[in-house]
Undergrad: 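The structure is given below, and queries will be raised subsequently.
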Amino acid sequence: MHVEKFSPEINKVYQIEKYTLIHILSGTGSIQVDFNNYYDWQEKGIFLEKGQYIKFLSDTFLVRKIEFSDENKFYNKDVRVLFKHLISLGYIDLEECEDCKRFLSESVLANDSSADIIDVSSKQWYWQNPFNANKEEYQIIFDAKEIIDREYSNSLTNRDLVDIINQRGYNAQTLIKNKIGLSVKNLLNAKKLVESKKEIVFTDKSIQEVSYQLGYKDDAYFNRVFKNATGKTPKQFRDNFDFKNRDLFSQDIVTLLKEYHTQERSLEFYADKMNLSVQTLARKVQSKMNISLGQLIRLELINTAKLMLLDGQSVIQISQSLGFEEANHFSRFFKHYSGITPTDFKLKKYNL
């Protein structure tokens, strides 16, 4: 097991070479994993498998990275739930797992306790039960995902793929649809899309090469499928990702939000600071960060409010500091965007 603490460079793509646990110790802003941006990474242990990547869209992060060297461990069916990406980040909630926090302490990590970290994390994942399935159902879902990951580039029809999966003796199609809300076809298309994005932005292959490699016999058809899914042609997507130049736009807007979000919420204010029109700023934020500027402002307010609540400040104090006219206005805002009242958030934290 290799443990490293570091401050990641903004917009640098960190390719995952080994099964890895990412623990973000501090920072503000968002992270990106496999072209999806995440803003709720606080108090989570993030698990990434080989072939994925992570990018930090701010220069304020301090991260602990744990790479696991025991490859055999990851053939265990109970362990793969941590690493095999389905529809979102694979993670465990550290707020609800004191054992996980203990294993992630500096003292424990001085020893080679990778097996213990993995075991306690997988138990926590099953306890979280994100798709409300039993263990046998999870194994079926992840068996199907492994087949998709193996066969996605082989020009199989949806029926071919379902038949291969069902050779294992079960009907995974209905189970996957019921538990994660996606069909086998959805999972296959999502896998092909993310792999095509990686080939487009991380290699110099022609679009035609990429399309043939992924099982498309017609690169014009691949272009249409890709644009329908992303809103951009493969070439536009390659240019926009800015793999080598590391556009600092995301950092600039995050810095502004960090400084002004408690006083300013109008889009016009941030557009003026960025010397852009509101429409241009909104379009660039959506394109670069896959989120609206309004959502970014609200997320910054929610994250600040959570920190203040955990610091022991009252709802009245926080509402005044964040510019709400009344405490009940803040409480309604907090519950609407976090799914829990400020009071219940504090109780959850301290009653573990």
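Values below: every heavy atom of this structure, side chains too, minus hydrogens, waters and symmetry copies.
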Undergrad: Before you tell me yes or no, could you show the steps for T60 and S58 under side chain to side chain donor-acceptor pair (under 3.5 Å), namely the whole-Å CA-CA distance, both residues' side-chain angles and the distance that decides it to 0.1 Å?
TA: CA-CA 6 Å; T60 64; S58 165; 2.9 Å; yes
Undergrad: Evaluate the side-chain proximity of I16 to F83: yes if any heavy-atom separation is below 4.5 Å, no if none is.
TA: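 Answer no - side chains too far apart.
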Undergrad: In sequence, state the C-alpha distance, the side-chain angles, and the governing distance for N328 and S331, and then conclude on side chain to side chain donor-acceptor pair (under 3.5 Å).
TA: CA-CA 5 Å; N328 62 333; S331 294; over 6 Å; no
Undergrad: Supply the atom-to-atom distance N303 CG to W41 CH2, rounded to the nearest 0.5 angstrom.
TA: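 Rounded to the nearest 0.5 Å, the CG-CH2 separation comes out at 7.5 Å.
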Undergrad: Yes or no on salt bridge (Lys or Arg N to Asp or Glu O under 4.0 Å) for K123 and D119, after CA distance, side-chain angles and deciding distance?
TA: CA-CA 6 Å; K123 288 176 184 176; D119 287 345; over 6 Å; no
Undergrad: Can you measure from CG (N36) to NE2 (H85) and round to the nearest 0.5 angstrom?
TA: 6.0 Å
Undergrad: Working to the nearest 0.5 angstrom, can you tell me the gap between F226 CZ and Y216 OH?
TA: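 Those atoms lie 10.0 Å apart.
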Undergrad: Nearest 0.5 Å, please: how far is CD in Q213 from OG in S153?
TA: 7.5 Å
Undergrad: Return the CD1 to CD distance between I200 and Q236, rounded to the nearest 0.5 Å.
TA: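 If I round to the nearest 0.5 Å, the distance is 11.5 Å.
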Undergrad: Taking the six-membered ring of F241, is NZ or CZ of K55 closer than 6.0 Å to its centre and within 45° of its axis?
TA: yes
Undergrad: Checking the side chain of D34 only, and the main-chain atoms of Y53 only, is there a donor and an acceptor separated by less than 3.5 Å?
TA: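 Indeed, once roles are kept as given, a pair shorter than 3.5 Å links the two residues.
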Undergrad: Hey, could you give me the CD1/CG distance between I92 and L94, rounded to the nearest 0.5 Å?
TA: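 Reported to 0.5 Å precision, the distance equals 5.0 Å.
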Undergrad: Can you name the nearest heavy-atom pair linking R238 to E199, along with the distance?
TA: NH2-O, 3.9 Å
Undergrad: Verify the ring-centre separation between F47 and Y91: is it less than 6.0 angstrom?
TA: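 No; F47 has its ring centre 6.0 Å or more from that of Y91.
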Undergrad: Given S314 and Q317, is the side chain to side chain donor-acceptor pair (under 3.5 Å) satisfied, shown in steps?
TA: CA-CA 5 Å; S314 69; Q317 289 173 312; 3.3 Å; yes
